Amino acid sequence: MFTGAQVCKIILKKNPSKLLVLSRTLCVLKGHIPRRSFLYIPGNEERKVSKATGLNSDCVVLDCEDGVAANRKEEARNTIHNLLGQLSFGLSEVCVRINSIETGLAEDDLRATLTAKVLPHSIVVPKVETVEHLNWISDRVSSIFKSRTKRLGLITQVESALSLLNLRAVCQHGTSEDRPFRFEALVFGSDDFLVSIGATRTEDVKELIHARQSVVVHAKAYGLQAIDMVYINFKDPEGLQAQAEEGARFGYTGKQIIHPGQIDIVNKAFSPSEEKVNWARDLVKVFEKQDSIGKGAIDYHGSMIDMPTVQQARNVLRLAEATGRK
Amino acid sequence: MFTGAQVCKIILKKNPSKLLVLSRTLCVLKGHIPRRSFLYIPGNEERKVSKATGLNSDCVVLDCEDGVAANRKEEARNTIHNLLGQLSFGLSEVCVRINSIETGLAEDDLRATLTAKVLPHSIVVPKVETVEHLNWISDRVSSIFKSRTKRLGLITQVESALSLLNLRAVCQHGTSEDRPFRFEALVFGSDDFLVSIGATRTEDVKELIHARQSVVVHAKAYGLQAIDMVYINFKDPEGLQAQAEEGARFGYTGKQIIHPGQIDIVNKAFSPSEEKVNWARDLVKVFEKQDSIGKGAIDYHGSMIDMPTVQQARNVLRLAEATGRK
Amino acid sequence: MFTGAQVCKIILKKNPSKLLVLSRTLCVLKGHIPRRSFLYIPGNEERKVSKATGLNSDCVVLDCEDGVAANRKEEARNTIHNLLGQLSFGLSEVCVRINSIETGLAEDDLRATLTAKVLPHSIVVPKVETVEHLNWISDRVSSIFKSRTKRLGLITQVESALSLLNLRAVCQHGTSEDRPFRFEALVFGSDDFLVSIGATRTEDVKELIHARQSVVVHAKAYGLQAIDMVYINFKDPEGLQAQAEEGARFGYTGKQIIHPGQIDIVNKAFSPSEEKVNWARDLVKVFEKQDSIGKGAIDYHGSMIDMPTVQQARNVLRLAEATGRK
């Protein structure tokens with residue numbers, strides 16, 4: 001979401017005559033959906049899905065994939081088809097995660113989802129490894145919708161070595177204009193990724209630092225949100241909090257979760273702290289005052305502050321405003 | 001080696017009708033050669049080569065390159081040519097490391113190696129930086145063998161900044177069907193790499209984390225083994241063990257060594273611990289029981305376990321079996 | 001600068017008949033300019049620019065960009081135009097940083113700079129993200145100079161996610177023969193980069209490890225210098241020193257600074273220590289003695305030393321010599 005902000009920054013700072021472009025950018029920012037907490041709910045468990053309507057998770061992801069056993073796939077897809085039309089999820093965005101394309105199950109999942117009385121906001125597609133996978137999605141979505149209006153958001157998962165190597169091509173292809181979906185976010189599927197490279201999870205996930213940071217860079221280069229790995233031990237809130245906060249510092253905008261008890265911790269980690277909001281407000285004020293009298297590098301409590309830091313502060317204020325609505 | 005396992009996973013989990021493909025994959029896995037310990041022996045030192053026949057190193061690499069002084073190159077190549085036909089290395093795989101292509105020495109090294117009475121299993125080519133280097137190898141191997149049967153394994157070394165940037169192209173080119181060799185592994189040549197980027201080695205090798213993890217990702221995306229950096233201080237077994245265990249956690253399948261005293265530590269580090277094997281066996285049992293009664297996400301001692309974790313456990317059991325033979 | 005050294009190494013070691021090429025490489029190395037300290041001075045502040053003539057910074061970068069407020073841009077460019085012809089900066093290299101191309105200010109900055117009575121050694125261009133940006137620079141430089149003689153050095157800044165993804169293409173394009181500039185260095189603009197990916201700076205800059213190391217690999221693959229991030233707190237010399245030393249260990253050859261008080265610390269961090277120079281001299285001596293009697297792997301105080309380590313030692317001696325001149 002900072003890509004729009006970046007654009008604003010350059011425009012505002014250097015080229016006031018381009019205000020027309022700026023206002024278009026702001027429209028895009030207004031439409032931004034926070035996805036701090038990205039909660040999976042097994043699609044076949046009607047009770048859990050119903051319960052999710054009362055949760056304050058930014059996203060509720062009705063799952064057809066790893067959370068559903070092989071002999072429950074049909075049940076999950078039918079349950080999702082029916083409940084999408086019956087339930088209201090309040091301020092949460094509703095997504096459906098279909099099975100991966102290679103399984104042969106994805107087409108039926110997609111048809112059940114896209115023929116529901118009420119569409120989900122986005123579909124989540126796991127194990128997207130190639131441009132051909134994106135083309136498969138485009139073809140199916142177009143054939144079901146029979147038009148190229150971008151009614152559907154697309155969120156893809158990076159879960160293998162090959163997926164990481166192809167990520168640039170996938171981002172470029174998926175964000176081009178003539179797709180029948182809006183490409184919105186990348187999800188880092190760390191567990192499948194670990195298996196793919198034969199690595200072993202450790203507490204500080206040092207073994208994933210290259211992949212985890214590389215996913216953020218790709219997402220942000222193409223204006224996509226980046227949703228971080230699952231913290232698997234749902235009985236360890238401190239561990240969850242530490243990993244969520246690190247993900248936020250790395251540039252992730254949200255985190256996958258597997259239990260409702262993880263929502264508040266994750267929402268907090270991906271929201272700016274009150275202290276940070278105060279710092280941002282103060283710094284922006286100091287900057288605007290010194291800038292108006294023509295000083296370049298700003299002295300702020302002994303540190304030299306320049307435009308990138310000012311822009312970081314402005315991003316903090318923007319995020320605070322967006323998530324304050326909830 | 002986990003690429004085959006990955007394939008199995010997808011097939012087993014989602015598409016039982018593809019069992020034909022699965023059995024072919026299992027054949028590939030059966031043919032897998034463990035390369036936990038990758039021991040260099042100077043090719044001109046006949047006494048050391050002979051002694052290596054009694055060692056339990058997974059690979060014995062008869063070296064023409066950095067372990068051999070400039071005025072001993074001819075001697076090394078002749079010694080290797082003769083000893084390949086005379087000695088038996090037991091369960092160890094025998095490899096020959098030739099000099100790099102740019103030196104002008106590689107052609108003679110290769111001819112001496114490939115005209116021996118008994119062929120090595122694989123050749124190791126240092127400083128492979130471009131697709132042109134692979135083409136050079138293809139041409140020479142084809143001209144010596146006069147046929148395109150894949151009798152020879154190929155292991156290449158990543159040792160420079162340019163080599164890392166070209167690694168994807170090299171992996172793609174080298175694994176295509178019509179090469180006269182079987183591309184089997186990437187070796188991370190950290191010392192030359194450090195020189196190439198002007199970096200300085202430290203105890204925790206933080207300066208190499210990007211390159212070291214990037215090599216693993218490339219290897220695994222193309223079904224290759226990944227063989228980690230040398231631990232240079234051969235009188236520090238604790239340091240060796242720590243670095244070897246970290247390499248294993250990162251996804252490396254083996255490690256280069258320069259002294260027989262390093263073999264056992266490295267073999268152990270790249271084998272699963274008894275504790276890990278027990279964990280894997282138990283987890284797979286719990287999973288199969290819950291899966292058979294249709295539960296999706298599995299509760300295993302308070303953690304939510306899904307398919308990737310199950311697959312990690314299965315990989316542990318497979319590796320334990322493969323290395324248990326020795 | 002180690003790329004030339006690398007070339008030397010391969011040639012010296014393996015192919016003495018190529019001494020002709022070697023001597024050409026040595027010429028390149030002789031022309032090498034140390035850029036350990038890379039000090040920004042706001043171009044509109046005449047007093048600070050004049051004061052910079054007496055500093056021992058390797059580079060003095062007269063800034064039109066982030067150090068200059070929007071309403072001082074014209075003043076900065078005129079001041080630089082005039083002072084370039086009037087002042088002598090002693091042994092320091094003089095560079096001019098123009099505004100980024102997207103701002104619409106770069107053309108006037110460039111014209112003012114390149115029509116000065118005395119040219120700067122290099123121009124620094126921030127936010128270079130694409131090959132098109134390089135083409136823009138080529139076109140403007142050619143049209144001002146009306147010839148393709150490479151009179152001007154070019155240093156570009158990597159400051160966004162997209163810039164990092166395009167870095168290989170930019171390096172390849174910029175180092176090709178028919179450019180009207182000499183591409184000399186990459187600067188890691190960490191603060192804008194953090195904003196671009198939405199990350200938060202921490203003390204140990206773990207959030208930047210992927211980008212920071214990736215920039216070094218790209219630079220060194222194309223024979224460019226790599227200039228590290230700014231340490232923003234100019235009242236914390238210990239923090240500066242630690243970060244500068246880490247940058248040097250990562251392979252960076254210099255560091256951006258924003259205050260004259262940072263020069264000595266940074267010059268020292270990017271120069272080899274006396275201890276290191278002594279180690280290098282001793283190791284090279286031991287190596288040359290053992291190599292002359294035909295020993296391959298060298299035993300040096302219990303460690304096996306091979307060519308890469310010897311080459312590292314030689315690089316240390318070469319850097320000591322180059323910076324000893326100052």
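Residue numbers start from 1 in every chain, and the chains themselves are labelled A, B, ... in the order their sequence lines are given, proteins ahead of strands. None of these values were measured; they are calculated from a predicted model.
Of the atoms belonging to A:A226, not a single heavy atom falls under 4.5 Å from chain C. Using a 4.5 Å cut-off between heavy atoms, C:Y40 makes no contact with chain A at all.
The distance from the CZ atom of A:F250 to the CG atom of C:L208 is 9.5 Å, given to the nearest 0.5 Å. From A:Q213, atom CD reaches atom CD of C:E207 across 7.5 Å, with rounding to the nearest 0.5 Å.
Remark: C:E245 CD is packed, more than 12 non-hydrogen atoms of other residues, nucleotides or ligands lying under 6.0 Å away.
For the pair C:F193/A:V217, a side-chain contact is recorded, criterion being any heavy-atom separation below 4.5 Å from C-beta on. Using a 4.5 Å cut-off on side-chain heavy atoms (C-beta onward), A:V216 and C:H210 make no contact.
Every residue meeting the side-chain contact (heavy atoms from CB on, under 4.5 Å) condition with C:R168, not counting sequence neighbours, appears here in chain and number order: B:L162, B:L165, B:N166, C:Q172, C:H218, C:Y222. By the side-chain contact (heavy atoms from CB on, under 4.5 Å) test, C:Q262 is found to be paired with C:F234, C:L240, C:I257, C:I258, C:H259, residues two or more places apart in sequence or in another chain being considered.
When all heavy atoms are compared, the tightest approach of C:A161 to A:A221 is CB-N, 3.5 Å. The shortest heavy-atom contact between A:K220 and C:I197 is NZ-O, 2.8 Å.
Ranked by heavy-atom pairs shorter than 4.5 Å toward chain A, the options C:I209, C:L164, C:T202 are led by C:I209.
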